[in-house]
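Some notes on the structure that comes next.
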Amino acid sequence: MPELPEVETVARTLRPVLEGAVVRSVSVLEKSLVRHGPKGLGVKLRGRKLTAVRRHGKRLTFDFDPGVALHVHLGMTGSLMLEEAGDPREKHTHLVFRFEGSIPELRFVDPRRFGGVWLGEPSSGRFSADLGPDALEVGLREFRTIFSRNRQAKALLMDQGTLAGMGNIYCDEALFRSGIHPLTRGNDITEAQVARLHRTMKKILKGAIAARGSTIRDYRASDGSEGSFQFRHQVYGREGEPCRRCGTAVMRVQIASRSTHLCPSCQPITKS
DNA sequence: AGTAAACTCCGGAAGC
DNA sequence: TGCTTCCGGAGTTTAC
């Protein structure tokens with residue numbers, strides 16, 4: 001669920017509250033969420049100052065004062081909530097971070113446990129080795145290289161190692177608004193269309209960030225607020241409803257093993 | 001009751 | 001042969 005706009009909203013919510021905070025203690029209630037093993041998480045972080053909250057693609061990174069970073073991946077149903085120490089704990093609360101002073105607790109809640117955290121090296125360069133360029137940062141030249149491959153457009157946008165941050169929702173929205181069928185091969189898309197997709201993708205992501213993301217079911221920002229971009233979806237979740245551009249019924253099909261929404265007349269398959 | 005769901009990793013088959 | 005792409009299963013809980 002949380003894709004780039006939702007993770008960015010979480011980062012923006014946490015930043016003013018947590019930057020500068022010093023860790024008092026960490027509780028690991030569900031060990032399987034700590035990917036490198038739970039041993040040492042508290043020891044490693046206790047007494048350290050959180051200096052920055054960063055995001056790359058769907059990944060959040062907390063930098064701590066001397067040379068430690070904690071990466072967080074929210075998976076499908078993960079959330080990071082700011083709550084007072086006395087507040088009742090939500091079910092599926094797996095990690096609790098406490099800070100010095102009157103700063104609220106940070107709680108990692110994740111019913112499906114697809115998310116996780118792991119310790120890493122502090123900020124090294126613009127992006128980490130296992131992720132492609134961030135979808136908001138990627139330049140047109142780099143984007144063209146990505147789309148020079150003989151692979152379905154849907155798969156190219158969704159592969160985090162190729163391009164980081166796009167998930168099912170924004171992928172379908174970006175392809176619709178660019179008039180590209182998700183099955184079209186990267187190397188069958190014209191230069192002009194690739195440029196259009198690059199422009200459209202960023203515009204959608206920025207619009208979604210401004211709307212604080214899309215709340216379909218579970219997603220909430222760290223202060224509990226919902227997003228509103230779901231009201232502006234053109235195809236996602238609109239199977240059978242008329243296309244807002246031409247009136248044709250929106251279709252839902254499986255592409256790259258993912259449920260995919262498209263308008264068959266606005267998004268023709270092209271082949272060169 | 002069965003199935004699908006917004007994610008990622010991984011192994012192996014298939015394609016070029 | 002070797003690289004790229006494709007597919008399905010696992011991990012987990014909830015809701016329709």
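Note that the structure is a prediction, hence the values are computed from the model and not measured.
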In the structure shown, which nucleotide is the Watson-Crick or G-U wobble counterpart of B:dG12, with both distances under 3.5 Å?
C:dC6

If pairing means Watson-Crick or G-U wobble with both distances under 3.5 Å, then the partner of B:dA6 is none

With no hydrogens and no angle check, do the side chains of A:T77 and A:D110 hold a donor and an acceptor under 3.5 Å apart?
yes

Pairwise P distance, C:dG8 and B:dT3 [rounded to whole Å]:
16 Å

Rounded to the nearest 0.5 Å, how far apart are [atom1] of [X] and [atom2] of [Y]?
X	Y	atom1	atom2	result
A:L197	A:R144	CG	CZ	11.5 Å
A:F147	A:E191	CZ	CD	13.0 Å
A:R244	A:H233	CZ	NE2	10.0 Å
A:R185	A:L156	CZ	CG	9.5 Å
A:E8	A:H56	CD	NE2	12.0 Å

OP1 or OP2 of [N] versus the side-chain N and O atoms of [X]: is any pair under 4.0 Å?
X	N	result
A:H92	C:dT12	no
A:R149	C:dT5	yes
A:H73	B:dT8	yes
A:Y170	B:dA6	no
A:K58	B:dT8	yes
A:R35	C:dG11	no

Are the aromatic ring centres of A:F108 and A:H94 under 6.0 angstrom apart?
no

Expressed in angstrom and rounded to an integer, what is the separation of [X] atom [atom1] from [N] atom [atom2]?
X	N	atom1	atom2	result
A:E3	B:dT8	CD	P	9 Å
A:N168	B:dT8	CG	P	11 Å
A:R258	C:dC6	CZ	C1'	15 Å
A:E90	C:dT13	CD	P	15 Å
A:L183	C:dT5	CG	C1'	14 Å
A:Q254	B:dA4	CD	P	8 Å
A:D159	C:dC7	CG	P	14 Å
A:I146	C:dT4	CD1	C1'	16 Å

The side chain of [X] is closest to which nucleotide in this list: [options]?
X	options	result
A:Q160	B:dA6, C:dT5, B:dT8	B:dT8
A:M158	B:dA5, C:dC6, B:dC7	B:dC7
A:S257	C:dG8, C:dT4, B:dC7	C:dG8

Going by an N to O cut-off under 4.0 Å, is there a salt bridge joining A:R220 and A:E226?
yes

Under 4.0 Å, heavy atoms only, any strand: does A:S259 hit a base, just the sugar-phosphate, or nothing?
sugar-phosphate

In numerical order, the residues of residues 108-120 of chain A whose heavy atoms come under 4.0 Å of DNA chain C are A:P111, A:R112, A:R113, A:F114

